[in-house]
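One structure is given here, and the rest of the page talks about it.
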Amino acid sequence: MHILVTGGAGYIGSHTSVVLLEAGHEVIIVDNLSNSKIETIDRIKQITKKELIFYQEDVTDEAAVDAIFSNHSFDGVIHFAGFKAVGESVEFPLKYYYNNTVSTMVLAKYCLKYGVKQFVFSSSATVYGENDVPFVETMELLPTTNPYGETKVISERILTDVAKANPDFAVSLLRYFNPVGAHESGLIGEDPQGIPNNLMPYITKVAKGKLEKLRIFGNDYPTPDGTGVRDYIHVMDLAEGHVAALEKLTPGVHVYNLGTGRGISVLELVKTFEEVNGVKVPYEIVGRRPGDIAESYADVSKAKAELGWTAKRGIREMCRDAWRYECGV
Ligand code: NAD
Ligand code: UD1
């Protein structure tokens, strides 16, 4: 298949491009490099020893998107491009609502114009809000605490309505849990600008001595050790989930949780990271972070039954590969 990967120079998009190329698909990446580097494109080629086409364009730019669609005959689109920093979305809501929802609408519009029928969208477990765990795809979505989360809910609704109005349009809404780790080569991975917001990149920077200590946001949650519980998933498993979703896509809207189904606490992750990598991660316990929930983990039975996909890599591999990437940067 010929697949347009938006945001393919980013963290999840680059790993998915590797898996797509290795599965024999043709990959065309469009990315404006607002949160990524051009070197990643070469790294994808280096890992796979395959060629790909890259456009440095913004997917909210209709003329640019129209030109890309007219140059190729795509079988499907995987839409990763978007902004993802939760705190920044509270500070600059319009920036987030605009980029994340307009990009979705523009891409859906040009899929319809050019007869591209398969659309895979990067959603997030954040859409479940404070539902009870494990989160199941059939749950009613609850309000998220920030504009970023709302852009995911809105994009899911837009794509659902487009599919309703166009019965041969096939949409897969993939709700990611907490992607961590890196390609085992250490050549691509997560490299956030500035001080990381998410736990794993913060841990790797503390272990490397680039940051002094980890601040653990709360140890008074109703969880086994009091720290927050999340469903961390290796980014390569997540990438493989996209290819499974794409290859099984049929008309209509399909929603899948992509996680491991296992909740890990902050302290458990820190201890495992120290043990696997033989490094120290100094930490202190501080107050809860506003907007955080106690627990988030997936019911993964639907993806297993319908896509034949399950996460294969465990928490130790996630810690090993995250560290390998940090050490190579
Ligand atoms: P990322 O920032 O590494 O990748 C996103 C890429 O999109 C970047 O390369 C950026 O330059 C590009 N981009 C942004 N706006 C663009 C635009 N208008 N036009 C063209 N390119 C644009 O983020 P990621 O972690 O790889 O996330 C990919 C997607 O998955 C995002 O939609 C994100 O919201 C979603 N998601 C991520 C996580 C996570 O924890 N990383 C969790 C759930 C969902
Ligand atoms: C965050 C986002 C969520 C997004 C997800 C994946 C918030 C409120 N939510 O979720 O919308 O979909 O990232 O990108 O930002 N922690 C610490 N110290 C740190 C960092 C994190 O203790 O320095 C804890 C958190 O309290 C949480 C766990 O580690 O319990 C994981 O945090 P994080 O990696 O930010 O992911 P989420 O909170 O799940």
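Both ligands and their constituent atoms are indexed starting at 1 by order of listing.
Inclusion of S124 in the set of residues having an N or O under 3.5 Å from an N or O of ligand 1 is not warranted.
Cluster partners of V276, using a side-chain heavy-atom cutoff of under 4.5 Å among ILVMFWY residues and allowing indirect links: none. By the 4.5 Å side-chain criterion applied to Ile, Leu, Val, Met, Phe, Trp and Tyr, V229 is assigned to a cluster that also includes V127, Y128, V133, F135, V136, M139, L141, V153, F177, I293, Y297. In the hydrophobic clustering, Y148 connects to F83, V86, Y96, either directly or through intervening members, whenever side-chain heavy atoms lie under 4.5 Å apart.
Of all atoms in ligand 1, listed by their number and element, those nearer than 4.0 Å to a heavy atom of L33 are 11 (O). Residue K152 approaches ligand 1 through these ligand atoms, each under 4.0 Å from one of its heavy atoms: 31 (C), 32 (O), 33 (C), 34 (O), 35 (C). Listed by number with element, the atoms of ligand 1 under 4.0 Å from a non-hydrogen atom of Y11 are 1 (P), 3 (O), 4 (O), 25 (O), 26 (O). Interface of S36 with ligand 1, defined as ligand atoms under 4.0 Å from a residue heavy atom, comprises 8 (C), 9 (O), 11 (O). The ligand atoms of ligand 1 that sit less than 4.0 angstrom from a heavy atom of A81 are 7 (O), 13 (N), 16 (C), 21 (N), 22 (C).
Looking at V30, I12, N99, it is N99 that brings a heavy atom closest to atom 18 (N) of ligand 1. For the residues G7, A9, S34, S155, the heavy atom positioned nearest atom 6 (C) of ligand 1 is part of G7. When the heavy atoms of P192, S123, S122 are ranked by distance to atom 44 (C) of ligand 1, first place goes to S123. Relative to atom 31 (C) of ligand 1, the option among F80, F177, Y96, F121 with the closest non-hydrogen atom is F80. For atom 34 (O) of ligand 1, the nearest non-hydrogen atom from the set Y55, Y232, Y148 comes from Y148. When V102, T151, N32, T126 are checked for heavy-atom proximity to atom 13 (N) of ligand 1, N32 turns out nearest. Nearest to atom 1 (P) of ligand 1 by heavy atom, out of V86, N35, I78, L238, is N35.
Given atom 40 (O) of ligand 1, the protein heavy atom at minimum distance is P179 CD, 3.2 Å. For atom 5 (C) of ligand 1, the nearest non-hydrogen atom of the protein is G82 O, 3.9 Å. In this structure, atom 11 (O) of ligand 1 lies nearest to the protein heavy atom D31 OD1, 2.7 Å. Of the protein's non-hydrogen atoms, the one nearest atom 25 (O) of ligand 1 is K84 NZ, 2.8 Å. Among protein heavy atoms, the minimum distance from atom 4 (O) of ligand 1 is reached at G10 CA, 3.4 Å. The single protein non-hydrogen atom nearest to atom 19 (N) of ligand 1 is V59 N, 2.9 Å, given as residue, atom name and distance.
Taking the charged nitrogens against the carboxylate oxygens, K117 and D75 have no contact shorter than 4.0 Å, which rules out a salt bridge. Taking the charged nitrogens against the carboxylate oxygens, R230 and E295 have no contact shorter than 4.0 Å, which rules out a salt bridge. At a threshold of 4.0 Å, the pair R288-D220 counts as salt-bridged, since one of the basic side-chain nitrogens sits closer than that to a carboxylate oxygen.
Under the 6.0 Å cut-off for aromatic ring centres, F121 and H242 do not qualify, their centroids lying 6.0 Å or more apart.
Checking T101, V102, L94 one by one against Y98, the side chain to side chain contact (heavy atoms under 4.5 Å, CB included) holds for a single residue, V102.
At a 4.0 Å heavy-atom cut-off, ligand 1 touches E57 through the backbone alone.
For CD of E284, the number of neighbouring non-hydrogen atoms (other residues, nucleotides, ligands) closer than 6.0 Å is greater than 12. Heavy-atom contacts from other residues, nucleotides or ligands closer than 6.0 Å to CD of E274 number more than 12. By the neighbour-count criterion of 12 heavy atoms within 6.0 Å, atom NZ of K304 is sparsely surrounded, having that number or fewer from other residues, nucleotides or ligands.
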_Apply salt bridge (charged side-chain N to carboxylate O under 4.0 Å, His left out) to residues K205 and E190 and explain how you reach the verdict._
CA-CA 12 Å; K205 297 230 176 311; E190 187 175 18; over 6 Å; no
*Determine, step by step, whether E26 and K50 satisfy the salt bridge (charged side-chain N to carboxylate O under 4.0 Å, His left out) criterion, reporting the C-alpha distance in whole Å, the side-chain angles of both residues, the deciding distance to 0.1 Å, and the verdict.*
CA-CA 9 Å; E26 299 288 331; K50 298 208 170 152; over 6 Å; no
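Proximity of F80 to T16: side-chain heavy atoms (C-beta onward) are separated by under 4.5 Å at one or more points. At least one side-chain heavy atom of C327 sits less than 4.5 Å from a side-chain heavy atom of K208. Residues D321 and H183 are not in side-chain contact: their nearest non-hydrogen atoms beyond the backbone lie 4.5 Å or more apart.
Protein neighbours of ligand 2 below 4.0 Å, counting non-hydrogen atoms: V86, S124, T126, Y148, N178, N197, N198, L199, Y202, L214, R215, I216, F217, G228, R230, Y232, V266, R289, D292.
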